[in-house]
Engineer: 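Below is the structure I would like to discuss, written out as structure tokens.
Small disclaimer: the values here were computed from a predicted structure and weren't measured.
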Amino acid sequence: KFNTHVKVLNKSECASYTNLTHYRNINHGLRDESGKWHCDRLSSPDVSPDWQGTGWYRFTGSSGTRMPTKAPGIHRCGTYLTGWLKGNHPSTPGSTIDATVCFIWNNNECDESVDVKVTNCNSYFVYYLPDIPFNCKKRYCATNDRI
């Protein structure tokens with residue numbers, strides 16, 4: 001068990017990441033408390049307040065703790081097209097997987113997608129997320145549920 005802990009501590013992304021906390025829970029609606037919707041692209045005038053561009057991120061606070069692994073529906077977490085993790089989180093502490101984040105629109109659960117990485121940091125996950133490269137009505141979303 002001690003070796004696993006050391007391995008996780010040696011994963012740089014487990015110590016150096018940006019927290020995503022702003023209105024990202026899938027239980028939140030389209031617009032945040034100020035009536036605005038957001039997207040995760042730095043060049044957008046509607047950029048999320050907690051978005052810093054491509055890099056490692058951790059979901060915390062009222063946003064939730066992990067990305068949902070089932071399509072949550074549209075118009076959630078402060079955006080139009082909600083981002084969710086297609087597949088499972090890595091189960092082994094210290095492991096990193098290549099994964100896909102899908103953005104749901106209308107009846108298509110994976111209307112557009114981006115490649116990401118997910119690392120299991122023992123008691124939490126971090127995600128290597130790219131700046132949204134297309135239509136910026138999309139955002140990476142989170143949940144507290146183990147779905």
Engineer: Is any side-chain heavy atom of Y17 closer than 4.5 Å to a side-chain heavy atom of Y57?
Structural biologist: no
Engineer: Taking a hydrophobic cluster as the set of Ile, Leu, Val, Met, Phe, Trp and Tyr residues connected by side-chain heavy atoms closer than 4.5 Å, whether directly or through intermediates, do Y23 and L42 fall within one such cluster?
Structural biologist: no
Engineer: Counting N and O atoms only, with roles assigned by atom type, does the side chain of S113 sit under 3.5 Å from a partner on the main chain of C110, one being a donor and the other an acceptor?
Structural biologist: no
Engineer: First locate atom SG of C39, then atom CG of L81, and finally report the distance between them rounded to the nearest 0.5 Å.
Structural biologist: 11.0 Å
Engineer: Sequence neighbours left out, what passes side chain to side chain donor-acceptor pair (under 3.5 Å) with W84? Give chain and number order.
Structural biologist: none
Engineer: Y80: which residues meet the ring pair (Phe, Tyr, Trp, His ring centres under 6.0 Å) condition with it, sequence neighbours left out?
Structural biologist: W37, H75
Engineer: Does the side chain of N27 come under 3.5 Å of the side chain of N25 through a donor N or O and an acceptor N or O?
Structural biologist: yes
Engineer: For M67, does its backbone N or O pair with a side-chain atom of Y127 as donor and acceptor, under 3.5 Å?
Structural biologist: yes
Engineer: Considering residues at least two apart in sequence or located in another chain, which fulfil the ring pair (Phe, Tyr, Trp, His ring centres under 6.0 Å) criterion with Y140?
Structural biologist: W51, F103
Engineer: Any ion pair linking D46 and K137 (charged N to carboxylate O, less than 4.0 Å)?
Structural biologist: no
Engineer: Are T119 and E13 linked by a side-chain donor-acceptor pair shorter than 3.5 Å?
Structural biologist: yes
Engineer: Could you verify whether a donor N or O on one side chain and an acceptor N or O on the other, from S48 and D40, lie under 3.5 Å apart?
Structural biologist: yes
Engineer: Please tell me whether H22 and R139 have a donor and an acceptor in their side chains that are separated by less than 3.5 angstrom.
Structural biologist: yes
